[in-house]
Amino acid sequence: MRLSSCVILAAVVALAGCRGQTSSEPPIVPFRGMHEMPRYDVQERGGYFEDGRTMRPEIEGTVAREMEVDSQIDTGLDPEGNYVLSVPTAVVERGGGLEALLRRGQQRYDIYCAPCHSELGDGNGMVSQRAAALGVTFQAANLTDPGFQHMPDGRLYLTIANGVRTMPAYRAQIPVQDRWAIVAYVRALQVARGDAAGATADADNDQLPAGADGCPDQAEDRDGFADLDGCPDADNDEDGLADATDACPLSAGDAAHGGCAGRVSLDATDPTIVRLGATIKFENGRDTLKDTSIAILDEIRAFLVAHPEVVRVSIEGHTDDRGAASVNQTLSERRARVVLQWLVEHGVAGERLQSAGFGSTHPRSDNGTPEGRQANRRVELRVLPPPATEVPAAAAGPGGV
Ligand code: HEC
């Protein structure tokens with residue numbers, strides 16, 4: 001009984017407060033913390049951290065899970081700030097090849113772009129038509145116009161991300177990979193001149209749809225050189241020697257060296273050193289080969305093919321002394337490994353090769369100057385003695401180890 005009368009009393013007291021009038025008295029607040037939460041306003045200065053910022057900036061070098069690590073893919077700009085000229089190869093690889101990427105692009109285009117630009121890309125999609133009927137000026141661009149054919153792929157990519165004038169931005173709706181897929185498809189549409197069916201046909205059966213095939217009637221030769229442009233290349237390095245008769249089809253050379261430039265040789269005084277005559281270059285801080293390195297790798301391959309007596313070779317990576325030793329160590333190992341993989345992929349027997357990394361522990365030059373550091377960042381090839389089993393028994397003397 002007592003409990004219920006307490007409840008009733010409390011209710012009466014509470015209701016007595018609600019008299020339908022405004023009051024200038026401070027309200028009675030039982031749990032103050034729920035009403036007055038301490039908080040910061042946007043951009044407000046705070047006293048908790050020394051720098052006065054209330055939001056912590058991202059820690060340098062960290063990448064959020066959903067962020068794109070490759071800045072060219074993310075921003076559509078190269079390191080100099082120019083538009084990327086063509087869809088990055090990494091995007092094509094992630095997309096499962098060009099054909100798969102184009103199909104994805106077509107599908108995304110039909111969802112996100114066709115309403116305004118139409119399925120043919122001529123700019124007369126439903127929204128444009130409706131705007132015209134209502135007398136509103138809203139005409140999407142004709143993407144097959146010659147002017148847009150010369151637009152760099154990076155700019156097309158950024159147009160999708162950021163919009164342009166009256167076209168809205170699709171950054172939030174279309175993730176990075178799909179934006180590039182759409183770019184690839186728009187290219188296909190342009191080549192096929194608005195013929196959406198023709199853009200994905202493949203008359204020469206080289207797995208490159210007409211829209212992305214520079215030579216829709218000639219099959220690509222897929223020899224590891226310019227295999228995405230759709231045109232066969234009979235003389236990749238354009239040195240006048242057809243690939244079939246060229247020992248170095250990826251590096252220009254002359255007939256005297258069988259089509260190679262003759263840069264790779266055994267050192268005259270120390271035959272355990274393979275002289276390269278050129279540097280194998282990588283992207284800064286990464287284990288990705290620069291395109292310009294392919295020629296020298298091709299010569300190394302040709303050298304190994306022509307010299308079976310060089311039974312085993314050690315591929316050794318070195319860095320300069322900047323940065324953490326552990327990072328340099330792994331980087332040098334990975335780079336040496338990448339060279340090994342390239343050679344194996346291009347026909348050198350894996351048993352003949354081994355790779356190792358030495359970080360910055362074996363400098364060749366002074367790490368104090370930029371030129372010295374440059375010389376220290378290198379991949380070297382050393383000839384190893386043949387495996388022990390092949391050493392003739394007589395060679396192991398009585399006092400041998
Ligand atoms: C809501 C309608 C609409 C959608 C959807 C749309 N666009 Fe546009 N787009 C426009 C309009 C309108 C223009 C012309 C803008 C202007 O010049 O004022 C335009 C212009 C462009 C241009 C020319 C840019 C330039 O520099 O002149 C490109 C390229 C383009 N769009 C690509 C795309 C792609 C790719 C998609 C799909 C992801 C897309 N658009 C989706 C309306 C749209």
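A quick note: this is a predicted structure, and the numbers were derived from the prediction, not measured. As the structure lists them, so they are numbered: ligands from 1, and atoms in each ligand from 1.
Taking 2.8 Å as the threshold, M167 counts as a candidate ligand of atom 8 (Fe) of ligand 1, since one of its N, O or S atoms lies below it. Under 2.8 Å from atom 8 (Fe) of ligand 1 lies an N/O/S atom of H117, whether from backbone or side chain.
Salt-bridge annotation for K290 and E283: absent, with no side-chain N of the basic residue lying under 4.0 Å from a carboxylate O of the acidic one. Classification of E99 and R103 as a salt-bridged pair holds, one side-chain N sitting under 4.0 Å from a carboxylate O. Taking a cutoff of 4.0 Å between a charged side-chain nitrogen and a carboxylate oxygen, D267 and R382 do not qualify as a salt bridge.
Looking only at protein heavy atoms, the nearest one to atom 11 (C) of ligand 1 is A140 CA, 3.5 Å. The protein atom (non-hydrogen) at minimum distance from atom 14 (C) of ligand 1 is Q139 O, 3.8 Å. The protein non-hydrogen atom at the shortest distance from atom 28 (C) of ligand 1 is L143 CD2, 3.4 Å. Protein heavy atom nearest atom 37 (C) of ligand 1, with residue, atom name and distance: C113 SG, 1.7 Å. Among all protein heavy atoms, the one lying closest to atom 16 (C) of ligand 1 is R165 NE, 3.3 Å. When only non-hydrogen protein atoms are considered, atom 24 (C) of ligand 1 lies nearest to V164 CG1, 3.6 Å. Shortest contact from atom 1 (C) of ligand 1 to any protein heavy atom: C116 SG, 2.7 Å.
Counting heavy atoms closer than 4.0 Å to ligand 1, residue V127 contributes nothing at all. With a 4.0 Å cut-off on non-hydrogen atoms, F148 touches ligand 1 through its side chain and not its backbone. Heavy atoms of V183 found under 4.0 angstrom from ligand 1: none, in either backbone or side chain. Contacts between T166 and ligand 1, counted as non-hydrogen atom pairs separated by less than 4.0 Å, involve both the backbone and the side chain.
Remark: H318 engages F358, H362 in a ring pair (Phe, Tyr, Trp, His ring centres under 6.0 Å) (not counting sequence neighbours).
Inter-residue side-chain proximity for D239 and D246 is flagged as met; some heavy-atom pair is nearer than 4.5 Å. Put simply, the side chain of H307 reaches to within 4.5 Å of the side chain of E309, judged on heavy atoms.
Between Y112 and ligand 1, a contact under 3.5 Å exists for no N or O pair. By the 3.5 Å distance cut-off applied to N or O atoms, Y170 is not counted among the residues near ligand 1.
For CZ of F49, the number of neighbouring non-hydrogen atoms (other residues, nucleotides, ligands) closer than 6.0 Å is greater than 12.
Here CG of L143 is found 6.5 Å from CZ of F148. Values are rounded to the nearest 0.5 Å. Interatomic distance, L340 CG to L381 CG, rounded to the nearest 0.5 Å: 9.5 Å.
Close approach of ligand 1 to M151 (heavy-atom distance below 4.0 Å) involves ligand atoms 25 (C), 26 (O). Shown in contact with I174 at under 4.0 Å from a heavy atom are these atoms of ligand 1, numbered in order with element: 38 (C). Residue R155 approaches ligand 1 through these ligand atoms, each under 4.0 Å from one of its heavy atoms: 26 (O). Of all atoms in ligand 1, numbered sequentially from 1 with element shown, those under 4.0 Å from a heavy atom of I160 are 35 (C), 38 (C).
The closest donor-acceptor contact from the side chain of R53 to the backbone of E50 lies at 3.5 Å or more, if one exists at all.
The closest approach between a heavy atom of R179 and any atom of ligand 1 is not below 4.0 Å. In this structure, R108 falls outside the shell of residues with a heavy atom less than 4.0 angstrom from ligand 1. At least one heavy atom of L156 sits less than 4.0 Å from an atom of ligand 1.
Remark: R179 fails to qualify as a cation-pi partner of Y170 under the 6.0 Å distance and 45° angle criteria applied to the six-membered ring.
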Show me the donor-acceptor pairs, under 3.5 Å and distance only, between side chains in residues 256-266 and residues at least two apart or in other chains.
{"from": "H257", "atom 1": "ND1", "to": "D254", "atom 2": "OD1", "distance (Å)": "2.9"}
{"from": "R263", "atom 1": "NE", "to": "E299", "atom 2": "OE2", "distance (Å)": "2.8"}
{"from": "R263", "atom 1": "NH2", "to": "E299", "atom 2": "OE2", "distance (Å)": "3.1"}

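Nearest heavy-atom pair across L331 and G285 is CD1-O, 3.8 Å.
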